[in-house]
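First the proteins, then the strands, lettered A, B, ... as listed; each starts at 1.
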Amino acid sequence: RITEKFTDIFRQVSGKAVISEKNIEDTVNEIKVALLEADVNVRVVRRFVNHTIEEARGEKVLKAVNPGQLFTKIVYDRMVSLLGDERQDLDLKGPDTVSCILMMGLQGSGKTTSAAKLGVRLKKEGRKPLLVAADLVRPAAVEQLAILGSQGGVDVYREEGSSALTVAKNGYKHAKKQLYDTVIFDTTGRLHIDEEMMAEIAAMAKAVDPVEALLVADAMTGQHAVDIAKEFDERVGITGVILSKFDSDARGGAALSLKSITGKPIKFIGTGEKLDQLEVFYPERIASRILG
Amino acid sequence: LFGKKTEGDTFFEELEDILIEGDLGALSAMEITDALREAVRAARVKDREGTLALLKDLLGEHLSTMDTVPDSERLNFFLILGVNGVGKTTTAAKLAAYYRKHHAMEAVLSAADTFRAAAIDQLLLHGTRLGIRVIHQQPGSDPGAVIFDTLESVKAKGGDIIIADTAGRMHNRSDLVRELQKIDKVVRSRLGEGLYKKLLVIDATTGQNGIRQAEIFHEAIGVDGIILAKYDSDAKGGILFSISRTLHIPLAFIGTGESYDDLKPFEKEAFLSSLLS
Ligand SMILES: Nc1nc2c(ncn2[C@@H]2O[C@H](COP(=O)(O)OP(=O)(O)OP(=O)(O)O)[C@@H](O)[C@H]2O)c(=O)[nH]1
Ligand SMILES: Nc1nc2c(ncn2[C@@H]2O[C@H](COP(=O)(O)OP(=O)(O)OP(=O)(O)O)[C@@H](O)[C@H]2O)c(=O)[nH]1
Ligand SMILES: [Mg+2]
Ligand SMILES: [Mg+2]
């Protein structure tokens, strides 16, 4: 556990006038290993450590009764502040107009399930959501969303034999006509390095002008979370992240990578396969998990 | 990584970074880099090519491949398992296509994911597109019963290889792991003379959690081989190295896309070259 490791390192420091370079080196190493093993991207780890390590040399730690414990708190607090964001809530317009939420992300990340979960949540909050089945590629994707929508009591717009873009546009029109106030677009899983598919999602965003473009990312994602997020943010523009499958025992360092690189808030975490298993993101929770 | 730099150090530091970025994990990357330093000194290697060759040996030492040649005398049964969304259903379809194409086998798909919305529909569609028989029941039925049905169907109508898809399950859900053990029990008790392989699908973009997944599933039912899916995502799949090293599970196949052809037997050399490119 990282607290014990810091306690060991700083054990010899307590009462001395200055922390030795060896102490600093050991401390840096401990944080680095802990964060990397938690899947935080190596570039993000570097930045984080460089900003945090100065505090290890600081007055407060040196004079502390338990420097190791204090330093742990410094690291934890820094992580919480990095992960947090004031724009935590969905930024939706009033009920007298249509707000679009675009779901996007890699194959299998949890978009379809998260879309339905969001629909259920918004319905509970008194909104009138419509799910749009704009994934026409994956076998039975439309069926999957239709089943989830029906289980959750959320209407689903579906259309045969068109392009994803056409379904999206028609879904929006349908929402306006039928007076829904929120449209949630489920889309095909795509690789951030797939030029054609990235162009498609960018075109869809342009067409529906979403107030929320949410990257759905798997909590178990490794080092590549950074590249994935960057590409989606640059090509489409991310307004927020849903970190799915947080009920796994993955440490979730991808969260720190995503937030650190895009600066965009993590809005929700997925905590299971059921439609009520979508929770608001609390930075404290992820920070203590990443730090193990 | 953050320490003082010397001339030779830079190469090893950059290498450690490459291995970390490839999802080998910090501790594994450090161990390998230290071992390489030692090996380079012992072998008095001076050039980059020699160093990389030594590195490939070090990494490759722990990677073994599973024999993917099927048994032509007995019924083959492949159970496909893994956590949610990694590519099991797609891989199951690809495997059926692969064994038909490369080994002239009659493949039968078993829709033993009776839980997730439209999971059966998804596999049925693959079956229709491929012209491969899919044995299924109603959603919500017992996965073991579907497996049993599939074995009966093969007895009655023939079939050389059964590929059974299962529901995604988190390895830290003990109830779901127990369900998997029950499915395993059904296969072992009903397959009789057949050749049984349990294949764990790992998503190439997965980080260190992949090791946990492999550990738990291996402990629960014994994993015979690993299939790395989504290798086309340009993630390096470095956790395979740790999984292989600590659990000694061989690597069976690698998935490189969403088409039926995007699956081939694991090739060690190609994987290592790509990891270090
Ligand atoms: N345990 C758990 N499973 C989840 C969560 N979110 C989604 N899943 C499961 O993950 C798998 C993939 O979810 P999908 O919603 O189909 O993912 P997707 O991004 O739409 O997949 P594609 O459309 O193929 O790209 C399914 O088995 C879901 O039930 C979560 O928060 N926890
Ligand atoms: N790019 C790419 N996508 C893949 C690959 N294998 C599967 N996929 C995609 O990943 C997504 C999830 O695949 P599934 O086969 O549904 O995954 P699963 O493990 O069966 O999911 P659950 O049953 O929900 O747990 C789909 O969109 C697939 O097309 C691959 O090798 N490369
Ligand atoms: Mg989907
Ligand atoms: Mg499946």
Side-chain angles (χ1 to χ4, degrees), chain A residues 25 28-29 32-43 45-46 49-50 53 106-110 112-113 116 137-148 150-151 189 191-194 218-228 244-245 247-254 272-273, chain B residues 1-4 16-17 20-27 29-30 83-90 93 115-126 128-129 139 167-173 203-210 212-213 216 229-230 232-239 257-258:
Chain A
E25 205 178 301
V28 166
N29 220 48
K32 159 192 143 195
V33 170
L35 295 184
L36 289 174
E37 290 290 315
D39 291 322
V40 180
N41 184 275
V42 64
R43 292 164 253 161
V45 171
R46 226 178 238 122
V49 167
N50 287 340
I53 205 60
L106 256 55
Q107 288 89 342
S109 62
T112 304
T113 310
V137 172
R138 170 176 158 148
V142 173
E143 199 50 39
Q144 183 187 5
L145 189 67
I147 292 171
L148 292 176
S150 138
Q151 284 174 357
L191 293 181
H192 56 300
I193 50 173
D194 184 336
D218 196 317
M220 66 183 176
T221 309
Q223 295 286 308
H224 268 274
V226 158
D227 305 302
I228 296 164
S244 69
K245 309 179 202 170
D247 49 307
S248 70
D249 56 5
R251 298 266 295 281
E273 293 189 80
Chain B
L1 215 59
F2 306 94
K4 301 201 180 59
E16 200 180 270
D17 261 16
I20 289 174
E21 293 234 25
D23 284 316
L24 250 84
L27 297 170
M30 289 174 187
V83 303
N84 304 72
V86 294
K88 299 176 294 301
T89 306
T90 310
F115 173 74
R116 206 211 65 215
I120 298 168
D121 297 306
Q122 185 185 4
L123 196 63
L124 283 174
L125 259 152
H126 282 307
T128 305
R129 289 182 190 179
R169 70 201 64 235
M170 283 305 171
H171 51 294
N172 56 329
R173 280 278 304 268
D203 187 325
T205 63
T206 303
Q208 299 309 299
N209 194 249
R212 276 308 278 157
Q213 295 169 22
I216 301 222
K230 307 182 197 168
D232 50 315
S233 65
D234 116 295
K236 299 293 185 178
I239 38 153
E258 299 179 89

Side chain, backbone, both or neither: which part of [X] has a heavy atom under 4.5 Å from chain B?
X: A/Arg251; result: neither
X: A/Asp247; result: both
X: A/Gln144; result: both

When rounded to the nearest 0.5 angstrom, what distance separates [atom1] in [X] from [atom2] in [Y]?
X: A/Gln223; Y: B/Gln208; atom1: CD; atom2: CD; answer: 8.0 Å
X: B/Thr90; Y: A/Gln107; atom1: OG1; atom2: CD; answer: 9.0 Å
X: B/His171; Y: A/Ser248; atom1: NE2; atom2: OG; answer: 6.0 Å
X: B/Asp121; Y: A/Ile147; atom1: CG; atom2: CD1; answer: 5.5 Å

Notebook entry, point to check: Would you say B/Asp23's side chain and A/Gly222's backbone share a donor-acceptor pair under 3.5 angstrom?
Noted result: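 Such a contact is absent between B/Asp23 side chain and A/Gly222 backbone.
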
Check: Where the side chain of A/Glu37 meets the backbone of B/Leu27, is there a donor-acceptor pair that is under 3.5 Å apart?
Finding: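 Yes, because the side chain of A/Glu37 sits within donor-acceptor range (under 3.5 Å) of the backbone of B/Leu27.
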
Note to self: For a side chain to side chain contact (heavy atoms under 4.5 Å, CB included) check, start with the C-alpha distance between B/Val86 and A/Met220, then their side-chain angles and the critical distance, and finish with the verdict.
What the structure shows: CA-CA 11 Å; B/Val86 294; A/Met220 66 183 176; 3.9 Å; yes

So do [Y] and [X] actually touch side chain to side chain, heavy atoms under 4.5 Å?
X: B/Thr89; Y: A/Arg138; result: no
X: A/Pro139; Y: B/His126; result: yes
X: B/Asp17; Y: A/Arg46; result: yes

Only pairs of heavy atoms separated by less than 4.5 Å count here; which of [options] has the most with chain A?
options: B/Gln122, B/Gln213, B/Glu258; value: B/Gln122
options: B/Lys236, B/Arg129, B/Met170, B/Arg173; value: B/Met170
options: B/Ile239, B/Asp234, B/Val83; value: B/Asp234
options: B/Gly25, B/Ala119, B/Ala235; value: B/Ala235

Margin query: Between A/Gln151, A/Glu143, A/His192, A/Glu273, who has the most heavy-atom pairs with chain B when the cutoff is under 4.5 Å?
Written below: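 Heavy-atom pair counts peak at A/Glu273.
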
Item checked: Interface residue of largest heavy-atom contact number with chain B, from A/Ala140, A/Ala219, A/Gly110, A/Ser109, under 4.5 Å ->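 Answer, by heavy-atom pair count under 4.5 Å with chain B: A/Ala140.
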
Margin query: Under the criterion side chain to side chain donor-acceptor pair (under 3.5 Å), I'd like the reasoning laid out for B/Asn209 against A/Asp249: C-alpha separation, chi angles, the key distance, then a yes or no.
Written below: CA-CA 7 Å; B/Asn209 194 249; A/Asp249 56 5; 2.7 Å; yes

Next item on the list: Just do the side chain to side chain contact (heavy atoms under 4.5 Å, CB included) check on B/Met30 and A/Val33 with the steps written out, would you?
Entry: CA-CA 10 Å; B/Met30 289 174 187; A/Val33 170; 3.4 Å; yes

Margin query: Using every non-hydrogen atom in the two residues, find where A/Asp39 and B/Gly207 come nearest and quote the distance to one decimal.
Written below: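 What the structure gives for the nearest pair is OD1-CA, 3.3 Å.
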
Next item on the list: State which residue, out of A/Asp227, A/Asp218, A/Leu106, fulfils the side-chain contact (heavy atoms from CB on, under 4.5 Å) condition with B/Thr205.
Entry: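 Running side-chain contact (heavy atoms from CB on, under 4.5 Å) over A/Asp227, A/Asp218, A/Leu106 with B/Thr205 returns exactly one hit, A/Leu106.
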
